[in-house]
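Only a predicted model underlies this, so the values are computations on that prediction, with no experimental measurement involved.
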Amino acid sequence: MLTVGAVILAAGESARLGRPKQLIQFRGKSLLRRIIDAADEAGCSPIAVVIGSDAKKMVPELEGTAADIVGNENWRNGIGTSIRAGMQNLVERGRDLDAVILLVSDQPLVEKELIEQTLGIPAIFGRAHFKDLFTLRDDSGAKSIILSKRECVVEFPFPQGEIDIDTLADYERLVAQL
């Protein structure tokens with residue numbers, strides 16, 4: 001059985017929404033708590049949650065979870081800084097990981113079952129690509145790795161992946177649809 005760690009990216013400031021989108025309630029839980037629980041239920045271990053903006057508001061939401069809190073003081077420089085911070089946490093914990101999955105808290109329909117089968121966005125990276133994650137530019141996500149290693153990528157349909165919460169209108173549309 002593979003040992004898969006998870007890095008949950010939750011450091012952004014949610015500028016378009018005007019409040020921390022990670023803490024929006026959906027189906028009785030915050031978006032942040034939903035993704036942590038999904039990763040835990042899918043057997044991801046360890047789990048690192050990278051926080052930055054509104055960190056003090058996030059910490060209470062993380063209490064009692066299986067996740068390590070990783071503060072990213074450089075979050076303003078881009079998502080690459082958060083990916084590296086999360087990866088560093090997993091490596092420092094001394095686990096021999098076979099793979100790492102990158103998750104975000106603003107995709108409310110990511111569930112345990114999706115994480116168990118995923119390769120894409122959300123994205124899971126085998127050990128051979130850890131170095132690539134550590135060398136991302138500050139302002140770059142992992143898409144560049146996925147596109148440059150197409151021969152290693154397996155895609156699957158996840159139409160709900162198009163739903164993410166960036167604005168209050170996005171959230172209201174989601175609630176109205178469901």
Any donor-acceptor pair under 3.5 Å linking the side chain of Q88 with the backbone of F134? no

Look up atom CD in E41 and atom CD in E113, then write down how far apart they are to the nearest 0.5 Å. 8.0 Å

For a quick test of reading the model, state the closest non-hydrogen atom pair linking A6 to C44 and the distance between them. CB-CB, 3.9 Å

What one should report as the nearest heavy-atom pair of N72 and S82 is ND2-OG, 2.9 Å

How long is the straight-line distance from CD of Q107 back to CD1 of I35, given to the nearest 0.5 Å? 7.5 Å

With the side chain counted from C-beta on, respond yes when I69 and V59 share a heavy-atom pair under 4.5 Å apart, and no when they do not. yes

Looking at R16 and D170, does any basic side-chain N land under 4.0 Å from a carboxylate oxygen? no

Could you state the interatomic distance from CD1 (I47) to CG (N89), rounded to the nearest 0.5 Å? 11.0 Å

Only one of I24, D106, L31 passes side chain to side chain contact (heavy atoms under 4.5 Å, CB included) with Y171, and that residue is I24

Please check if W75 and L23 belong to a single hydrophobic cluster, counting links between Ile, Leu, Val, Met, Phe, Trp and Tyr side chain heavy atoms closer than 4.5 Å. no

Short side-chain donor-acceptor distance under 3.5 Å, D138 and T81: no

Determine the minimum heavy-atom distance between V70 and A85, stating which atoms define it. CG1-O, 3.7 Å

Pair V49, I51 - check side chain to side chain contact (heavy atoms under 4.5 Å, CB included), show working. CA-CA 6 Å; V49 177; I51 59 176; 4.0 Å; yes

Value for CG (L174) from CG (L109), rounded to nearest 0.5 Å, stands at 6.0 Å

Roughly how far, to the nearest 0.5 Å, is CE of M87 from CG of L97? 7.5 Å

Any idea which heavy atoms bring P20 and M58 closest together, and the distance? CB-CE, 3.7 Å

Nearest heavy-atom neighbours spanning T3 and D96: CB-O, 3.8 Å

Using the rule given for side chain to side chain contact (heavy atoms under 4.5 Å, CB included), can you reason through I36 versus I8, listing the C-alpha separation, both sets of side-chain angles and the distance that settles it, and then say yes or no? CA-CA 8 Å; I36 293 168; I8 298 173; 3.7 Å; yes

First locate atom CG of L168, then atom CG of L17, and finally report the distance between them rounded to the nearest 0.5 Å. 6.0 Å

Between E61 and S30, is any side-chain donor less than 3.5 angstrom from a side-chain acceptor? yes

Could you go step by step and tell me if R34 and E111 meet the salt bridge (charged side-chain N to carboxylate O under 4.0 Å, His left out) rule? CA-CA 8 Å; R34 289 183 57 77; E111 303 280 347; 2.8 Å; yes

Are the side chain of Q22 and the backbone N or O of L32 linked by a donor-acceptor pair below 3.5 Å? no

Is it true that, when you exclude E73 itself, more than 12 heavy atoms of the residues, nucleotides or ligands shown sit nearer than 6.0 Å to its CD? no

Check for a donor-acceptor pair, side chain of R84 on one end and backbone N or O of L136 on the other, with a separation under 3.5 Å. yes

Result for side chain to side chain contact (heavy atoms under 4.5 Å, CB included) between V100 and one of V7, V91, V4 points to V7

